Amino acid sequence: MKKISIIGGTGSIGTQTLDVIAANPDLFELTSFAFGRNTTVAVPWLNRLQPMLVGVQDETTRQELEQQLTYQPTIVIGEEGLLDIVTHPEVDTVITAVVGAVGLRPTLAAIEAGKTIGLANKETLVTAGHLVMKLAREKNVTILPVDSEHAAIFQCLNGERREDVRQIILTASGGSFRDQSREELADVTVEQALAHPNWSMGAKITIDSATMMNKGFEVIEAHWLFDVDYADIDVVIHRESIIHSMVEFNDGAVMAQLGMPDMREPIQYALTYPSRLEIQGGERLNLKEIGRLHFADASFERYPLLRLAFEAGQAGGSMPSVLNAANEQAVDRFLKGDIRFLEIEASVEAALQAHELIEEPSLDQILEADRWAREFVSSLTFAN
Ligand code: NDP
Ligand code: MG
């Protein structure tokens, strides 16, 4: 019986992880579980799976929860509580499904405690990849990617030698506005941005997909997870999201991993690795029905945030932390109707330009750069 901890359990990845656990009660036990404030989603799952340690974001949510639970777990609160959730002594694997840099400290704590990591929370690797990977090596901890592209690459690399890899090819659906020109992006609404063609995901990553920031983050995530240079990472638009990503080897062979767009597959693989298991109600890939797959260039002119991600990744140090925090703040402002769509990228670019690079930043310096970037972006004003 594998004992699982989830942080961010009420979100898109979190609830799909719960689906996988609930579908395989002989294999998995939910041991600890943290979410933010969404008790409507949390309560039925908690009453069903009854983890004995639960984390919530604040005291109000704790009180609400206590009134609705049919059993009595220990409840912990806030960011400190997340550390208790992930380091619970019985836990084997932690699924990091919170959104944003809030995942950084819990991920480091889980690695420090020797837990296997199922990593969905890519912002953690973007903001502090050097610290996370160094600690994972020191503690001999396995990080299994949940992000579908990285799960694909991980599978393509199975049994291969690192020195045989020529390049990694990340596929991108193109997001909500893939058929729009840049000119058409000026006045798009929040609602339009939230309508992703292929995947149903949390609000923040859906916006990140529309701006291509998500793919930029995935470039940085791939750099850290698979130890590849930025020059050896390519991005190709593939609108069907059937090929989840590819690896090209030195002899010209290209390995691809294909499947239906269903996040339960990479989530489950992170939980069952190296075995595989049928997914209940999972749709099988039928290429005859699909007929054609399409590929197109992901140009830096059309998607400036993709260029900025490569640049920030290559600059290294504190730049990716600023990229991430500035984007989090800008997306937050966009979702609140406070700035327009193209002002997300303008905000991120301005923050990167204003920031003075810190090489090899410590955890404190990363948290400081993160705080600075958020403040910087909050105070930006745009002419109408
Ligand atoms: P959602 O917005 O759907 O869920 C986010 C979760 O994090 C919720 O459970 C939320 O709690 C919780 N949360 C947010 N802030 C805090 C906090 N301060 N303390 C504790 N919990 C908090 O996000 P997704 O599931 O879409 O994404 C999660 C991560 O996975 C992201 O990093 C994303 O980039 C990555 N990812 C997602 C994919 C997807 O298909 N969705 C695909 C690949 C990667 P509550 O709502 O209860 O307040
Ligand atoms: Mg992805």
Side-chain angles (χ1 to χ4, degrees), residues 5-19 32-43 45-46 54-58 60-62 64-65 76-86 95-107 117-127 144-154 170-175 194 196 198-209 211-222 225 235 238 241 243-245 257 259 261-267 270 324 327-328 331-332 335:
S5 171
I6 309 177
I7 56 170
T10 48
S12 162
I13 294 289
T15 49
Q16 292 181 85
T17 308
L18 290 165
D19 283 337
S32 62
F33 179 91
F35 64 104
R37 300 197 175 96
N38 190 345
T39 49
T40 312
V41 170
V43 167
W45 277 114
L46 288 171
V54 176
V56 296
Q57 207 168 331
D58 50 38
T60 320
T61 312
R62 185 185 70 77
E64 233 178 87
L65 193 62
V76 292
I77 297 176
E79 275 195 51
E80 296 306 310
L82 289 178
L83 305 181
D84 296 332
I85 297 294
V86 300
I95 301 293
T96 64
V98 288
V99 58
V102 68
L104 175 56
R105 286 178 61 227
T107 305
I117 308 292
L119 187 124
N121 177 235
K122 64 190 86 182
E123 292 92 344
T124 280
L125 275 191
V126 172
T127 198
L144 296 163
V146 166
D147 211 350
S148 58
E149 294 77 1
H150 305 76
I153 294 161
F154 180 78
L170 291 167
T171 52
S173 71
L194 284 176
H196 194 286
N198 302 5
W199 303 92
S200 157
M201 309 182 287
K204 195 252 177 188
I205 186 177
T206 305
I207 303 300
D208 287 347
S209 300
T211 62
M212 216 41 115
M213 183 77 278
N214 181 53
K215 210 50 56 180
F217 287 164
E218 291 183 355
V219 167
I220 299 175
E221 187 184 7
L225 283 175
V235 174
H238 164 48
S241 298
I243 297 184
H244 296 322
S245 276
Q257 190 258 348
D262 180 345
M263 283 308 296
R264 288 176 306 168
E265 190 211 294
I267 291 169
N324 177 66
N327 179 66
E328 278 189 39
V331 170
D332 193 54
L335 286 171

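In each ligand, atom 1 is the first atom listed, and ligand 1 is the first ligand listed. All figures in this text were calculated on a predicted structure; none of them were measured in a lab.
- Residues passing the side-chain contact (heavy atoms from CB on, under 4.5 Å) test with Glu64 are Thr39, Gln68, sequence neighbours excluded.
- Heavy-atom contacts of Gly9 reach the following atoms of ligand 1: 9 (O) (cutoff under 4.0 Å).
- If you look at Met263 next to ligand 1, the close heavy atoms, those under 4.0 Å, all belong to the side chain.
- Closest of all the heavy-atom pairs between Ile13 and Ile267 is O-CD1, 3.8 Å.
- Contact annotation: for Ala120 versus ligand 1, heavy atoms closer than 4.0 Å belong to both the backbone and the side chain.
- For atom 29 (C) of ligand 1, the closest non-hydrogen atom on the protein side is Val98 O, 3.4 Å.
- Under 4.0 Å from ligand 1, the heavy atoms of Glu123 that appear belong solely to its side chain.
- Of all protein heavy atoms, the one lying nearest to atom 47 (O) of ligand 1 is Thr10 OG1, 2.6 Å.
- The shortest contact between atom 48 (O) of ligand 1 and any protein heavy atom is with Arg37 N, 2.9 Å.
- Annotation for ligand 1: atoms under 4.0 Å from non-hydrogen atoms of Gly36 are 11 (O), 21 (N), 45 (P), 47 (O), 48 (O).
- Residues Lys204 and Glu123 are paired through a salt bridge, judged by an N-O separation under 4.0 Å between the basic side chain and the carboxylate.
- When the options Ile6, Leu65, Val41 are evaluated for a side chain to side chain contact (heavy atoms under 4.5 Å, CB included) with Phe35, the one that passes is Leu65.
- Among all protein heavy atoms, the one lying closest to atom 15 (N) of ligand 1 is Gln57 OE1, 4.3 Å.
- At a heavy-atom cutoff of 4.0 Å, ligand 1 is contacted by the side chain of Ile205 but not by its backbone.
- Below the 2.8 Å limit, the Mg ion (ligand 2) has as protein N, O or S neighbours Asp147 OD1, Glu149 OE1, Glu218 OE2.
- The protein atom (non-hydrogen) at minimum distance from atom 43 (C) of ligand 1 is Asp147 OD1, 3.1 Å.
- In terms of polar-atom proximity, defined here as any N/O pair under 3.5 Å, Ser200 makes no such contact with ligand 1.
- Considering all non-hydrogen atoms of both residues, Ser148 and His244 come closest at O-CB, 3.9 Å.
- Scanning the protein heavy atoms around atom 34 (O) of ligand 1, the nearest turns out to be Lys122 CE, 3.3 Å.
- Heavy-atom contacts of Gly8 reach the following atoms of ligand 1: 6 (C), 7 (O), 9 (O), 12 (C) (cutoff under 4.0 Å).
- Listed by number with element, the atoms of ligand 1 under 4.0 angstrom from any heavy atom of Val102 are 18 (N).
- When only non-hydrogen protein atoms are considered, atom 38 (C) of ligand 1 lies nearest to Ile13 CD1, 3.4 Å.
- When only non-hydrogen protein atoms are considered, atom 4 (O) of ligand 1 lies nearest to Gly11 CA, 3.2 Å.
- Checked by atom type, the side-chain pair Ser241/Asn198 shows a donor-acceptor distance below 3.5 Å.
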